[in-house]
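Quick notes on the structure that follows.
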Amino acid sequence: MNLFAEIRSLVIASLDDMVGAGELPAGLDTTNVAVEPPRDAAHGDMATNAAMVLAKPAGMQPRAIADALAARLAADPRIVTAEAAGPGFLNMRLAPSVWQGVVRSALKTGRDFGRSDLGKGVRVNVEFVSANPTGPMHVGHTRGAVFGDALAALLDFAGHEVTREYYINDGGAQVDVLARSAYERYREAHGLDPEIAEGLYPGDYLIPVGEALKAKFGDTLLNKPESEWLAEVRDFATAEMLQMIRDDLALLGVTMDVFTSEKAITASGRVEEAIDTLRGMGLIYEGTLEPPKGKLPEDWEEREQTLFRSTAHGDDVDRPVKKSDGSWTYFAPDIAYHWDKVSRGYDQLIDVLGADHGGYVKRLKAVVSALSNGRVPLEVKLIQLVKLFKNGEPFKMSKRAGTFVTLRDVVEQAGADVTRFVMLTRKNDAALDFDFDKVLEQSKDNPVFYVQYAHARVCSVIRKAAEAGIPADDAVLAAADLKKLSHDAELGLARKIAEWPRLVEIAARGQEPHRIAFYLYELASELHALWNRGNEDTSLRFVQEGDAPTSQAKIALARAAGVVISAGLGILGVTPAEEMR
RNA sequence: GGCCCCGUAGCUCAGGGGAUAGAGCGACCGCCUCCUAAGCGGUAGGUCAUAGGUUCGAAUCCUAUCGGGGCCGCCA
């Protein structure tokens, strides 16, 4: 139940009544009428801009509309006061019973409180991570993994039918490089000196792969030309790398629904099919590209090649799908892959990519637009860099030296919960500082801890109630006499809880899981504040010794906040702590 | 040369058409015989990069400019 949506319906219905009564002209567009929490709580519980939005089309003064609307709204039992203010806002105060109802609703529906049917019937594919299967996942992948997983969970919570998908780039030259690198480790496993030439992957993580190759193939691959071992070693090493990546993802609690292999797509002839389909639309042609403007690359020369007319779908220039020697470009399998996703019947595609893929976005959108006849929107979420700090000092990673910071390093040092939460406290298109010291600090400076602590306090209250002989399980709490929740400080917490379903929809619409993290921080703050009020005013404590009914009402409120924190952390993939030790 | 992201308090960042622009940190002043003070309350701190435009209304949308970062060729 989204209280704001309910009151908006009431406002719209009241506007319709006004039209019926001749107080407003018919045919007004109400899509921009909003019901929101006012910026300043002193203005009331909810505000609508209806009068300001409609004043001009209705040819009336905002104030006149607001006053007439206020009179109608005030007749509803949920609304205590409705008054025009400022430039034409209509501020409303809601009855305590409404807030009490929110608490009860949260307790009855539990962690499903706030679930939305916003995305009902919408099939969404979220593709994320898609790291090359050539090594362990590093920090950048970690953020993409966390973001994609949380976004998927958020969309699911908002009613979408979500598929989490990983695209395995196992078809390009990089897996050949992997094979050669692994082969050197295989030689090493036989006591030979590995020759890690420039361009090969130097990381130690391939040493066990070399051992495994030895265990599987013995010495049968030694001293053979590359052509005789490349395919087998490549397949073996790729599988090993993929398993390592799955293990890395598992450390973060990320599980994919679908893995799609580039190699398999290519082998199935989907690339040709996809290009032929585009050709049938007149979007493939032979031609030459304009040289890039500005500084010319030194070896630039005009060459005729097969091009995709992506400019017909919003791109800046047409893009090559074949090199001048007739082989596919990297883009071609991507076309096939996105065509594959479109043909699987999704209503919406989301690609979570590293920010270095920025130049790729328009052509991907063009592909999906063309191949779905504009039916399927593709959203590309670019994940900006993670800057790592330790002791206040940034530390660099060097892939060349094989000394990059891996996902495993981060999770082992910071823990999965902390890593996930921190990486979700920033929107995806802003760079993120990740400071190992700050992130592990157990204080209010650390939002992870702060939110966890709020949840733990709720659990503590319930334990305390049990010790005092007051039943406080969810069924009892849901049936508590919530009319006893009347203090403004208590209703304030209930108001914050009431924002949760609305926030879920806003976050899902914007595909912005970070909003969940910020909301949870605010909710935790409200709870901590109320808690402390109990230090000064004992009547505000949750547990009132010797008064079970009052205690249960207050604990119900705390528990409702706990339920929302738990649900929100669930979306972020963070475990709600029951106690802090 | 073109494209993308960012520019909001001393610092780190929310807010992305609506009222007097928010939070945390840092600074300063308070609050524990009492459910976890691992917390809470308060004070100080702003030309929302700049200049135009759209609008009843702009930090928010548009254009240009200036800063910071990233990307851009038949590479993957």
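Predicted model only: the values in this text are computed from it and were never measured. First the proteins, then the strands, lettered A, B, ... as listed; each starts at 1. In what follows, every heavy atom counts, from backbone to side chain, and hydrogens, waters and symmetry copies are set aside.
- Remark: A:Lys427 is not in phosphate contact with B:C6, judged by side-chain N or O atoms under 4.0 Å from OP1 or OP2.
- When heavy atoms are screened at a 4.0 angstrom cut-off, A:Asp429 is found touching the sugar-phosphate backbone but no base atom.
- Contact between the side-chain N/O atoms of A:Arg426 and the OP1/OP2 oxygens of B:C13 is found at a separation under 4.0 Å.
- Of the side-chain N and O atoms in A:His514, one or more sit less than 4.0 angstrom from OP1 or OP2 of B:G15.
- Checked against B:A14, B:U36, B:A19, the side chain of A:Ala430 finds its nearest nucleotide in B:A14.
- For B:C32, the glycosidic angle deviates from 0 by 90° or less, giving a syn base.
- With hydrogens and angles disregarded, a donor-acceptor distance shorter than 3.5 Å links the side chain of A:Ser551 to the backbone of A:Asp547.
- By the 6.0 Å and 45° rule, A:Arg363 stacks over the aromatic ring of A:Phe331.
- Taking the side chain of A:Tyr521 as heavy atoms from C-beta on, and the options B:A23, B:G41, B:G39, the nearest nucleotide is B:A23.
- Regarding contacts with the backbone of B:A37, a side-chain N or O of A:Arg457 is found under 4.0 angstrom from either OP1 or OP2.
- For A:Arg515, a side-chain nitrogen or oxygen approaches OP1 or OP2 of B:G16 to under 4.0 Å.
- The side chain of A:Leu382 sits closest to B:C4 out of B:A19, B:C4, B:C6.
- Ring geometry for A:Tyr453 against A:Phe449 counts as parallel: the plane angle stays under 30°, on a 0 to 90° scale with 60° as the upper cut.
- Atom CD in A:Glu526 sits 8.5 Å away from atom CD in A:Glu499 (nearest 0.5 Å).
- Note: CZ (A:Phe542) to P (B:C40) measures 13 Å, nearest angstrom.
- In RNA chain B, the stems built from three or more successive Watson-Crick or G-U pairs (distances below 3.5 Å) are B:1-7 with B:66-72, B:10-13 with B:22-25, B:27-31 with B:39-43, B:49-53 with B:61-65.
- Considering only the side chain of A:Lys362, B:C3 comes nearest among B:G41, B:A19, B:C3.
- Nucleotides B:C72 and B:G52 place their C1' atoms 31 Å apart, quoted to the nearest Å.
- Between A:Ser460 and B:C35, a side-chain N or O to OP1/OP2 separation shorter than 4.0 Å is absent.
- Between the side chain of A:Lys438 and the base of B:G24, no donor-acceptor pair of N or O atoms lies under 3.5 Å.
- With B:C40, B:G18, B:C35 as the choices, the nucleotide that has an atom nearest any side-chain atom of A:Asn49 turns out to be B:G18.
- Exactly one of A:Lys496, A:Arg495, A:Arg515 qualifies for a salt bridge (Lys or Arg N to Asp or Glu O under 4.0 Å) with A:Glu522. That residue is A:Lys496.
- Summarising the geometry, atom CG belonging to A:Asp435 is positioned 9.0 Å from atom CG belonging to A:Leu440; distances are rounded to the nearest 0.5 Å.
- Contact annotation for A:Ala47: base contact, defined as any heavy-atom pair under 4.0 Å involving a base atom.
- When distances are taken from the side chain of A:Met52 to each of B:C13, B:C75, B:G18, the shortest belongs to B:G18.
- Side-chain atoms of A:Arg309 never come within 3.5 Å of backbone atoms of A:Asp318 as a donor-acceptor pair (strictly under, hydrogens ignored).
- For B:G7 and B:U47, the C1' atoms lie 15 Å apart once the distance is rounded to whole Å.
- The main-chain N or O of A:Thr31 is found under 3.5 Å from a side-chain atom of A:Asp29 such that the two form a donor-acceptor pair.
- Residue contacts shown for A:Asp334 are absent, as no nucleic acid heavy atom lies under 4.0 Å away.
- A sub-4.0 Å separation between OP1 or OP2 of B:C40 and a side-chain N or O of A:Tyr450 is present.
- Heavy atoms of A:Asn132 sit under 4.0 angstrom from primed sugar atoms or phosphate atoms, though from no base atom.
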